[in-house]
There are 2 protein chains.
Amino acid sequence: MKIIDQNVVIDGIDKTILNFLMEDAKRPILEIAKNIGITGAAVHQRLRKLEKSGLIEGSRLIIDPRLLGYKTMAFVGVYLDKAVSNPLAVNKLKEIPEVIECHYTTGNWSIFVKVLCKDNEHLMKVLNKNIQGIEGVSRTETFISLNQQINRQIKI
Amino acid sequence: MKIIDQNVVIDGIDKTILNFLMEDAKRPILEIAKNIGITGAAVHQRLRKLEKSGLIEGSRLIIDPRLLGYKTMAFVGVYLDKAVSNPLAVNKLKEIPEVIECHYTTGNWSIFVKVLCKDNEHLMKVLNKNIQGIEGVSRTETFISLNQQINRQIKI
DNA sequence: ACTGAAATCGTTGCTGC
DNA sequence: GCAGCAACGATTTCAGT
C-alpha cells in the first residue's frame, strides 16, 4: 500500500492539460496547447513534470466489455472469518481475473469486490467456486448492476 | 442506455494488441507488432477495425487522485421513495462531480454510487447536502473504502 | 517557464503479394 | 489480411530568452 504524505501542487494550466487527457489520452498536445495559449513544447514540459511527480499513473485503452460478451457486472460483499486473513484473501482474489476491483471497507463486510462476468451463470461459478472457495470466506452478498449510468474520473 | 445485441468477434492477435494497450495506451505499436510477429501497419489496420466496431471506446490518462488530496473513496447505497424517480435521481447525481460511478442494482438499494472526496468532512457534505438533497432519496448507507487493493480492467 | 525550430518517432496510405 | 515503403503528423529535445 502506497503511503501518500504530500499532495502534488498544480496550477490551472496543469489542470486543463490533465482534464483534456483524462477524457482522451490521444488528444494531440498541439491542440491542447493552442487551446491554452502556449506552445506544444511547454505542454510537454509540464507533462513530464507531472509524470515525475507520480500524479500521472499511465494511460489505458478503454474497451466496452459488453461487446465481448461480458454483460454481468456485480458487487460482492465478502465476510471473512477473521480480520487477519485479509491479505491472504486479497492475494487469492487477485488470481481471479473476473475480479476487477477490491476494497477493504468499513461496515458489515470485510472486503468489497466488483466482478465482471459474461452472464449470470458465469457469475454463479465465480461466486461459488472461486470466491467462496477462498480460505476464510464465510459468506457473500451479491448485488448485480443492471445498468451503469455513470462511469468517469474525478473532475479536477 | 446502449443496447448490445451482438458481440464483436476478435481473434488472438486482436486480443494481444488490446491487452497491451489496455495496460498502457502509449505502448509503441511497433513494439507490439514485433512481439506478435507482424508489421506495425498490420496492427494499425486491426486497431482501426476494432475502433469502427465500437469495441474501443477511447483512451484515458490515469491519475492518482490521492496526490490531489482526494483521499476518501466511498460506496453509497441509495434508497428511493418510488422506482419512478430513478432517471431523475441519476440526472441529479450526474451533476455531483464527486460521483464517479452510478449503478442501478438488484437488492436493497435502488441506486448504488461510488464517490471520491477529499476527506471525511467533504464526504459528509456530499452525502448530507448533495445526495440526500435529491428529490426522492429517503435514506443512504455508506461504506468507506479504507484501501483499494485491486483496480484493473477485465483480462481478455 | 516559455518559445521556436530541428530531430526523432509514431501513424497512415498505397501498392503489390 | 499482411509486407514494405513513402508521406505525413505528432512528440521530444534543446539552445536561447
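Between the CD atom of B:Q45 and the C1' atom of D:dA3 there is a distance of 10 Å, rounded to whole Å. Rounded to whole angstrom, the span from the NE2 atom of A:H44 across to the P atom of C:dC2 amounts to 14 Å. The distance between atom NZ of B:K34 and atom P of D:dC2, rounded to the nearest whole Å, is 19 Å. To the nearest angstrom, P of C:dC2 lies 12 Å from CG of A:L47. Going from atom CD1 of A:I29 over to atom P of C:dG10 covers 14 Å, rounded to whole Å. Whole-Å rounding puts the B:L30 CG to C:dT8 C1' distance at 13 Å. Rounded to a whole Å, the CG atom of B:L50 is 15 Å from the P atom of C:dT11. Atom pair B:I17:CD1 and C:dT11:P shows a separation of 12 Å (rounding to whole Å applied).
Nearest to the side-chain atoms of B:A41 among the listed nucleotides D:dT11, C:dG13, D:dT13 stands C:dG13. Minimum atom distance to the side chain of A:A42 is reached by C:dT3, of the listed C:dT3, D:dT11, D:dA3.
Put simply, the side chain of B:D14 never gets that close to the backbone of B:R46: no donor and acceptor are under 3.5 Å apart.
If you find the closest nucleotide of DNA chain C to A:K26 and to A:G40, the one lying nearer the 5' end belongs to A:G40.
Residue A:R27 places none of its side-chain N or O atoms closer than 4.0 Å to OP1 or OP2 of D:dA10. Look at B:R48 and you'll find a side-chain N or O under 4.0 angstrom from OP1 or OP2 of C:dG13.
To the nearest 0.5 angstrom, B:S59 atom OG is 13.0 Å from A:M22 atom CE.
A donor-acceptor pair shorter than 3.5 Å can be found between the side chains of B:Y79 and B:E141.
B:F75 does not carry B:K114 over the face of its six-membered ring by the limits of under 6.0 Å from the centre and within 45° of the normal.
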